[in-house]
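Encoded as structure tokens, the structure appears first; notes follow it.
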Amino acid sequence: MTKLIIAIIVAIGPLASAQAASGDIARGQQDFRACAQCHSLEPNRNMTGPSLAGLWGRKAGSLPSFERYSDALKSSGIIWDERSLDAWLTDPQKMVPDNDMPFQGIRDARVRADLLAFLKEASKPGAPPLLAQQGGMKGMGGMGGMMGGMMGGGRDVNLKNLDSSQHVKAIAYCRDTYRVTTADGKTRAFWERNLRFKTDSSEDGPEKGEPAIMPAGMSGDRASVIFAAPDEFNKMIEAKC
Ligand code: HEC
């Protein structure tokens, strides 16, 4: 009898763990789009959230290049693995109260298993290109899907290699209106509430003194001007009518 029970445990043990690990990587790659607006899988490419490259075995809140961790996450003592990530993705606020990840959580255990299967592979050093290739072969959304899954989706264009129509030469401010002149000689007027000023200090940001203008929103009346550093705001924007 004892022998029989042991035999059953031995038979079921590996089966159970195989099942826990049997998330579907391809589906997980699709599901990762929900994360990709905030997380990349490239080392140290941080966006709203920290890069998830090398996540397994990492201490929560410990990536040195990420500046915006909450105290809650930093002091949580969590080490990331299947179990801790499953709890985090189920309900981040329940696992680490007062953390800063603006994400509701995923109630569906199947979706979490798929996502973790993908993430475990894709966060390994050197793994993403391989997965991207598989994704492409299975026709998972072509380049768009591939880039969305692998490159973080939110990876922004490099602002150094833009067309002259996006290369800002001058900004004039008059009453409630900004007039933005670009390197192609054109000037566009914006209502002041429709123009945003941003900075990008990363390697994808613009050259010093050469801000870029990027369309924002669907209706064409809004845009962002992105500078290399905030001290350029006042230098570039001239109050004149
Ligand atoms: C709207 C932005 C946003 C979305 C969407 C988002 N995250 Fe996050 N994530 C963050 C931020 C910000 C943090 C840092 C939280 C803190 O410091 O409290 C974070 C932290 C994390 C961490 C901890 C990393 C570390 O270095 O300790 C993991 C793991 C994580 N997110 C995974 C995910 C996954 C997987 C998804 C998709 C299911 C996702 N996140 C969706 C913004 C986001």
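Each ligand, and each atom within it, is numbered from 1 in the order the structure gives. Nothing fancy with the numbering, it's 1 onward along the sequence.
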If only atom types and distance count, is the side chain of N99 paired as donor or acceptor with the main-chain N or O of V96 below 3.5 Å?
->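 Such a contact is found between N99 side chain and V96 backbone.
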Return a table of N or O atom pairs, ligand 1 on one side and protein on the other, at distances under 3.5 Å, rounded to 0.1 Å.
unit_1, atom_1, unit_2, atom_2, d
ligand 1, 7 (N), H39, NE2, 2.8
ligand 1, 9 (N), H39, NE2, 2.8
ligand 1, 17 (O), S70, N, 2.8
ligand 1, 17 (O), S70, OG, 3.4
ligand 1, 18 (O), S70, OG, 2.5
ligand 1, 18 (O), D100, N, 2.7
ligand 1, 26 (O), R58, NH2, 2.9
ligand 1, 26 (O), Y69, OH, 2.5
ligand 1, 27 (O), G61, N, 2.8
ligand 1, 27 (O), W80, NE1, 2.9
ligand 1, 31 (N), H39, NE2, 2.8
ligand 1, 40 (N), H39, NE2, 2.8

Heavy-atom side-chain contact between L162 and L159 under 4.5 Å =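 Yes, at least one pair of side-chain atoms sits under 4.5 Å.
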R27 with D31: basic N within carboxylate O range, under 4.0 Å =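 No, this pair does not count.
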Presence of salt bridge, R45 and D204, under 4.0 angstrom =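 Yes, D204 and R45 are salt-bridged.
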Under the salt bridge (charged side-chain N to carboxylate O under 4.0 Å, His left out) test, residues paired with K240 that sit two or more places apart =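 With sequence neighbours excluded, K240 shows a salt bridge (charged side-chain N to carboxylate O under 4.0 Å, His left out) to E238, given in chain and number order.
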Taking the inter-plane angle between the rings of F197 and Y178 on a 0 to 90° scale, is it parallel (under 30°), tilted (30 to 60°) or perpendicular (over 60°)?
->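 The rings of F197 and Y178 stand perpendicular, inter-plane angle above 60°.
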